[in-house]
Participant: 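Structure incoming, see below.
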Amino acid sequence: MAVLKDFIRISDTIWELPITYKEGMRVPARIYATQKLMENMDEGVIDQVTNVATLPGIVKYAYCMPDGHWGYGFPIGGVAAMDLKTGVISPGGIGFDVNCGMRLVLTNLTYDEVKPQLRKLVDRLFARVPSGVGGSGFVRISQDEFRHVLEQGARWCIKNGYGWQEDLERTEERGCISGADSSKVSNKAIERGFKQIGTLGSGNHYLEIQVVRPENVFDPQLAKTFGITQPEQIVVMFHCGSRGFGHQVATDYLQSFLKVMEKKYGIKILDRELACAPFFSPEGQDYFAAMKCAINMSFANRQVILHRVREVFAEVFNRDPEDLGMHQVYDVAHNTAKVEEHIVDGKPRQLLVHRKGATRAFGPGAAELPEIYKKTGQPVIVGGSMETGSYLLVGVEEGAQTFFSTAHGSGRTMSRHQAKKQFHGKKLLEDMEQRGIYVRSVSFSGLAEEAGPAYKDIDEVVQATERSGISKKVTRFIPIGNIKG
DNA sequence: ATGTAC
């Protein structure tokens, strides 16, 4: 539990630890949380976010979002912007599951229309979207072709018939980050990844059917612009990443950084898990180019899954996906490091922004946003636990304070081990069905790990982001069907 | 998160 007296309270939802808190801190650390979230904040977060504050080149603050919890090196929920010339790039600040992210898709169906078909729909999705540890997808391509996927991302998918052209402009980076170089990726990573496009994975990865209750529309105007136009509307949300491929890229470069960090670059860190290299070093640049391949692999993964989701809906309702209004709202990444321009103390600066379990949330007018969202600000998809619900938020101008970053989900309160001891998968599944949520999972123990009480209160997390001014509520979604990886 | 151990 956090020792609150150590913190300077900047506002009711911003808590600061000054550089005197720990030797070597270059900038203060800031945690975004309500009092209630702060009282229960993982002690590991405080240790880790202040460790991050010691990294070379860090600008302004080391941040942790309200859904923060202990992670590898950096906390999950960590945000750190580095000066390009003096700063480092750190795999621990991005996460093993590079570009783990969320995609939200509309339908024009209502709850009453979907309810009689719910079991069939979930069963078909479970059968057609591969999930679980390992597992290969239905996209059969050679390892050489996979290299094209790594460099073209979701664009490769559209070219090959998996999706609609408009999906690209509704995806962060338009589904393809530039600068991905597959020659910087190991053969081992290619071998692990080339059969994994279109697969959900395991852990907290899932695909969910959700309903928008009228009382959960907080900004009707924005909701309408994002395509939420009718009462009890059904949407599909899913969460997955770059699978074994991204994991292998992270593993490869962590090893490479550990070899050179101290000997070649004289960087001393407080925790091996903070392994890093100067951004402009050969090792740093190679990792950046390889990590971008994993970003693109993940965009492609979610693009192919979207294609499958549309196919299944078309089958079950015997209507075209176009006719079902299955437009994508947006796709957000929440494990990345990207070069972005931000205003620091009144001057524009190029920064490497690490977001690990944190969502980019650009406000209205940002150059990176597509025309359709230029005026509104960026849609932000925040996935809650399978029992409680999720949110659609929007980026706001005040988000500049966190380099336009906000929360990405609920955040765990309990270790997986502890959750497995406390909950029983089969009973949980039955309880959820009683409450109108139909779940399919490859593993009961995996299901138990994802029980609602193993996560923070999503409403409290979202409130913290809104009250601190880093994002704003649009709608809340209630789960009715879940495919758990 | 992860071919849940090089």
Side-chain angles (χ1 to χ4, degrees), chain A residues 42 44 48 67-78 90-102 130-137 143 146 185-207 238-256 258-259 272-273 275 290-291 293-295 297-299 301-302 305 332-337 354-359 383 385-386 408-412 414-421 425 441-450 454-455 483-485:
Chain A
D42 190 343
Q48 292 189 319
D67 50 339
H69 57 104
W70 182 88
Y72 183 93
F74 284 53
I76 316 287
S90 173
I94 294 163
F96 279 82
D97 191 5
V98 176
N99 190 9
C100 188
M102 308 286 315
S131 66
V133 183
S136 50
Q143 296 190 18
F146 184 60
V185 168
S186 69
N187 287 332
K188 197 172 174 183
I190 303 268
E191 282 162 20
R192 281 183 73 172
F194 84 109
K195 290 179 182 167
Q196 294 187 314
I197 305 167
T199 62
L200 208 49
S202 65
N204 64 358
H205 290 167
Y206 64 87
L207 189 156
F238 53 94
H239 176 220
C240 63
S242 50
R243 310 290 334 280
F245 177 75
H247 193 277
Q248 191 61 47
V249 169
T251 304
D252 291 341
Y253 281 93
L254 273 166
Q255 283 169 3
S256 136
L258 280 169
K259 275 182 214 148
R272 269 175 67 87
E273 295 183 357
M291 188 270 295
C293 290
I295 289 184
M297 190 287 186
S298 197
F299 283 139
N301 193 20
R302 292 194 289 272
I305 290 174
V332 292
H334 56 222
N335 279 4
T336 62
H354 294 76
R355 295 188 183 91
K356 183 207 197 162
T359 314
S385 83
M386 62 186 185
H408 82 306
S410 285
R412 295 197 76 86
M414 213 180 268
S415 70
R416 293 188 173 280
H417 181 72
Q418 198 183 339
K420 259 192 292 208
K421 277 198 302 191
S441 174
V442 283
S443 136
F444 280 128
S445 69
L447 191 70
E449 293 176 356
E450 296 303 310
Y455 284 88
I483 287 96
K484 207 214 76 66

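Since this is a predicted model, take the numbers as computed values, not measurements. Proteins come first, then strands; the chains are lettered A, B, ... in the order of their sequence lines, and each starts at number 1.
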Participant: May I have the distance from Tyr72(A) (atom OH) to dT4(B) (atom P), rounded to whole angstrom?
Facilitator: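 In whole Å, dT4(B) P and Tyr72(A) OH are 17 Å from each other.
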Participant: Between atom CZ in Phe96(A) and atom C1' in dT2(B), what is the gap in whole Å?
Facilitator: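 Value for this atom pair: 9 Å.
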Participant: Write down the distance between NZ (Lys195(A)) and P (dT2(B)), rounded to a whole number of angstrom.
Facilitator: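 So the NZ-P distance, Lys195(A) to dT2(B), works out to 18 Å.
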Participant: Give me the one residue out of His408(A), Arg302(A), His334(A) that meets side-chain hydrogen bond (donor to acceptor under 3.5 Å, both in side chains) with His239(A).
Facilitator: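 Going through His408(A), Arg302(A), His334(A) one by one, the side-chain hydrogen bond (donor to acceptor under 3.5 Å, both in side chains) with His239(A) is satisfied by His334(A) alone.
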Participant: Go through the structure and list residues passing salt bridge (Lys or Arg N to Asp or Glu O under 4.0 Å) with Lys195(A), not counting sequence neighbours.
Facilitator: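 Salt bridge (Lys or Arg N to Asp or Glu O under 4.0 Å) list for Lys195(A), sorted by chain: empty.
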Participant: Using side chain to side chain contact (heavy atoms under 4.5 Å, CB included) as the criterion, list what pairs up with Glu450(A), not counting sequence neighbours.
Facilitator: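 Residues passing side chain to side chain contact (heavy atoms under 4.5 Å, CB included) with Glu450(A): Asn204(A), Met386(A), Arg412(A), Arg416(A), Tyr455(A), Lys484(A).
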Participant: Between Gln248(A) (CD) and dA5(B) (P), how many Å, whole number?
Facilitator: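 Atom CD in Gln248(A) sits about 15 Å away from atom P in dA5(B).
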Participant: Answer with base, sugar-phosphate or nothing: what part of the nucleic acid does Lys188(A) contact at a heavy-atom distance below 4.0 Å?
Facilitator: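 It contacts base atoms.
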Participant: Toward the 5' end of DNA chain B, which comes first, Gln255(A) or His247(A), by nearest nucleotide?
Facilitator: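 Per heavy-atom nearest nucleotide, the more 5' residue is His247(A).
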Participant: Rounded to the Å, how far apart are Glu449(A) CD and dT2(B) P?
Facilitator: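 Nearest whole value for this atom pair: 12 Å.
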Participant: Mind checking if Gly241(A) touches a base, just sugar-phosphate, or nothing, with heavy atoms under 4.0 Å?
Facilitator: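 No contact.
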Participant: Could you tell me how far apart Leu254(A) (CG) and dT2(B) (P) are, to the nearest whole angstrom?
Facilitator: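 Taking CG of Leu254(A) and P of dT2(B), I get 16 Å after rounding.
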Participant: Within the structure shown, what part of the strands sits under 4.0 Å from Gln196(A) by heavy-atom distance: base, sugar-phosphate, or nothing?
Facilitator: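 Since only primed, P, OP1 and OP2 atoms lie under 4.0 Å of Gln196(A), the category is sugar-phosphate.
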Participant: Between Ser202(A) and dT2(B), is there a contact of a side-chain N or O with OP1 or OP2 at under 4.0 Å?
Facilitator: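 Answer yes for this pair, as a side-chain N or O of Ser202(A) is under 4.0 Å from OP1 or OP2.
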Participant: Among side-chain atoms of Thr359(A) and Arg355(A), is any donor-acceptor pair under 3.5 angstrom?
Facilitator: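 Checked: Thr359(A)/Arg355(A) side chains show no N/O donor-acceptor pair below 3.5 Å.
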